[in-house]
Amino acid sequence: MRFTKTLIPTLKENPVEAHVASHRLMLRAGMVRQLAAGIYTWLPMGLRVLRRVEAIVREEMDAAGAQEILMPAVQPAELWQESGRWDLYGRELLRMVDRHDRPTCFGPTHEEVVTDLVRREVKSYRQLPANFYQIQTKFRDEIRPRFGVMRGREFIMKDAYSFDVDDAGADESYRVMFETYTRIFERCGLRFRAVEADTGSIGGASSHEFHVLAESGEDTIISCDRCAYAANLEKARAGTSHLPEASEASAMERVETPNQRTIEDVAKFLGVAASSTVKSLVVARDGEPVLLLLRGDHVLHEVKAAAALGGQVTFPGPEQVAEMTGLPVGSMGPIGVEIPLVADEALRHGGNWVCGANEEGWHITGVNWGRDLPEPEFKDLRSVSAGEPCPHCTEGKLTEDRGIEVGHVFKLGTKYSEALGSKVLNENGREQVTVMGCYGIGVSRIVAAAIEQNHDEGGIIWPMALTPFHVDLMLLNPKDAQTQEVAEALEKELTGAGLEVLMDDRDERLGVKFKDADLLGIPFRVLVGGRSLKSGVVEIQARVGGDKLPYAPDKAGSYLIDKVRNGAVG
RNA sequence: CGGGGCGUAGCGCAGCCUGGUAGCGCAUCGGUUUUGGGAACCGAGGGUCGGAGGUUCGAAUCCUCUCGCCCCGACCA
């Protein structure tokens, strides 16, 4: 492809709105342009990369036995009403009305549509298992789109849905997808990790997210430094940290703690560890207060708390808490309150806790569950942090990384098949609700994630599998007949071998071409012309760490073909 | 939605406070000289100053409303 015949509007300067490397570089390399908040046009350079990701995804999905289909982007409200999500899915769902006043939406996901298809067309267990997938544009009206295509409102997603006759089959479908995803991300040349994840509004029994490891990632992922345990912070647990042998339960005692408001203050004042204290927090569930109890040295995780409590959970500020409960915010405690209690799991172990006395300036020591107040309900409410023990193995410590979620696999169970009535007859002629799984990959997000992981000062460094071109063929002087002849012959040889070649035939100074080559991140560049051509050679240079090496034009082709086929970037 | 910031040429910005009819760098087009890591010079094109209303003899500049974009938070497969 000729540079002069292609729209590759590279930018020298950094666009102000771009704050992360991938966004900045995608704009500078002329891959995308923004049309509106979170909505982008893909230009030739960007689209080529997108197509490569799609191709890998398609090959692996097909190899895993999934069937490609293409569902509508625009969906009738009825289906969503049937599943109950029309009311549950917030403003993120882009709703519209057609000319006949029919409520409609732009699909953010396709459980309803695919389940509708299957309930109509699949009637027998003999047709199962089946896995349908599509690569398609989704729209989610995100509150705050950011980081370019990393978190756009309109984006490209591969979504797949498996249907099985029973749980065992569904587990197997899930396992196959898990392995397929691992292969896909490996082929994309990404450093990633699969982690246990929260199921969020999609629902279902269990799920794993696939995260590309990058500083700019929006998620925190926790993993064990010894075993295979890894989880999103939203889901991560820690092993029980070592506590001193529970001494005998001491008597409950009211102690004065004047002007001691924070946990640290109180612990220090009373000469106990923060981990021996209990902090009390009020949240609202469906507008009603609930008192949450956490160990003094632990931090509430709002997503976990919301999941644990159920209902609509909000986190009121101090004034609202005082208003709702009438309790003194600095000295709240679980004793003698009328509000429902939910305690973090970590409070199961140990005793003789220090709690607020519900009276300004007073705390209570020696508090024990069951004796001094009814045993509360225990749930996982807190954030774990790096350095805590692993919940699975005894030796490991937890570590923390940032990740970009590029894939998510769910065991859905019968949530949608039940609601929409997807049933098949089993071998005994009995009706059976299908068991579903769903599996997403953020195709456009992978492009950004790959750049986050592979760039330097000068620009992008494409992994061989995703690069828009394999070779940047730079003509030092595109008007020179000999240069043209050599370059065209080389281009023909490379393309003939299946390589993609960008011929930089612009009438620009060499420096400009080099700077753009760095920016575009094409793995190999070949310089044709000038003094090297006079001495009968062309110069080959890798995007990273390579000197310019002279090759006879008839040797250059086979060298490059070999390098590219071996997937070597450099 | 709450808090903050910004809208002036394709990109990055100045001008606004203190009103007098728009400028700089890069990019673009033409020319000359150049040509091995973002060339130099000469010339040219390109702006409803986000939009609407108001104040004023006069508004990019002051006032009101509005739209868009960005950042922080809440939200999120």
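By convention in this document, chain letters (A, B, ...) are assigned in the order of the sequence lines, proteins followed by strands, and residues within each chain are numbered from 1. Note that the coordinates shown come from a computational prediction; the quantities given were computed from them, not determined experimentally.
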Next item on the list: Using a 4.0 Å heavy-atom cut-off across all strands, classify K479(A) as base, sugar-phosphate, or nothing.
Entry: nothing
Check: Roughly how many Å is it from CD in E508(A) to C1' in rU28(B), rounded to a whole number?
Finding: 11 Å
Next item on the list: Can you label the angle between the F210(A) ring and the F185(A) ring as parallel, tilted or perpendicular, going by 30° and 60°?
Entry: tilted
Next item on the list: For D159(A), report the nucleic acid contact type (base, sugar-phosphate, nothing); a contact means any heavy atom under 4.0 Å.
Entry: nothing
Checklist line | CZ on F139(A) to CG on L93(A), rounded to 0.5 Å | finding: 10.5 Å
Notebook entry, point to check: What integer number of Å spans the P atoms of rU18(B) and rC62(B)?
Noted result: 9 Å
Next item on the list: Quote, to the nearest angstrom, the P distance that separates rA9(B) from rU55(B).
Entry: 28 Å
Notebook entry, point to check: Say you pick atom P in rG47(B) and the same atom in rG2(B); how far apart are they, in whole Å?
Noted result: 38 Å
Next item on the list: Using a cut-off of strictly less than 4.0 Å, decide whether Q541(A) has a side-chain nitrogen or oxygen near OP1 or OP2 of rG37(B).
Entry: no
Margin query: Below 30° counts as parallel, above 60° as perpendicular, anything between as tilted: where do the rings of Y89(A) and W80(A) land?
Written below: perpendicular
Check: What class does the angle between the rings of H208(A) and Y174(A) fall in, given that below 30° is parallel, 30 to 60° is tilted and above 60° is perpendicular?
Finding: tilted
Notebook entry, point to check: So what's rG46(B) paired with, Watson-Crick or G-U wobble, going by both distances under 3.5 Å?
Noted result: none
Next item on the list: Describe the nucleic acid contact of P108(A) in one word from base, sugar-phosphate, nothing, applying a heavy-atom distance below 4.0 Å.
Entry: base
Notebook entry, point to check: For E405(A), which contact category applies under a 4.0 Å heavy-atom criterion: base, sugar-phosphate, or nothing?
Noted result: sugar-phosphate
Item checked: Rounded distance (Å) that lies between atom P of rC70(B) and atom CD of E142(A) -> 13 Å
Next item on the list: Test for a donor-acceptor pair under 3.5 Å between the base of rG37(B) and the side chain of K548(A), counting only N and O atoms.
Entry: yes
Check: Tell me: CD of E218(A) to P of rC75(B), nearest whole Å?
Finding: 13 Å
Check: Within the structure shown, what part of the strands sits under 4.0 Å from E539(A) by heavy-atom distance: base, sugar-phosphate, or nothing?
Finding: base
Check: Has the side chain of R28(A) got a donor or acceptor that lies under 3.5 Å from a partner of the other kind on the base of rG38(B)?
Finding: yes
Margin query: Students often get this wrong, so: under 4.0 angstrom with heavy atoms, is R146(A) touching a base, only sugar-phosphate, or nothing?
Written below: base
Next item on the list: Identify whether any heavy atom of G440(A) sits under 4.0 Å from a base atom; if not, whether one sits that close to sugar-phosphate; answer base, sugar-phosphate or nothing.
Entry: nothing
Next item on the list: Scan E234(A) against the nucleic acid and name what it touches under 4.0 Å (heavy atoms): base, sugar-phosphate only, or nothing.
Entry: nothing
Next item on the list: Indicate whether OP1 or OP2 belonging to rC71(B) is found under 4.0 Å from a side-chain N or O atom of R144(A).
Entry: yes
Check: Does R531(A) place a side-chain N or O at less than 4.0 Å from the phosphate oxygens OP1/OP2 of rG36(B)?
Finding: no
Check: Roughly how many Å is it from NZ in K12(A) to C1' in rC26(B), rounded to a whole number?
Finding: 6 Å
Next item on the list: Kindly say whether, by distance alone, the side chain of E13(A) makes a donor-acceptor pair under 3.5 Å with the base of rG25(B)?
Entry: yes
Next item on the list: Select base, sugar-phosphate, or nothing to describe what G529(A) touches, counting heavy atoms under 4.0 Å on all strands.
Entry: base
Next item on the list: Grab the CG-P distance between L527(A) and rU35(B) for me, whole Å please.
Entry: 16 Å
Check: With both distances kept under 3.5 Å, what pairs with rC41(B), Watson-Crick or G-U wobble?
Finding: rG31(B)
Note to self: What's E17(A) touching, base or sugar-phosphate or nothing? Going by heavy atoms closer than 4.0 Å.
What the structure shows: sugar-phosphate
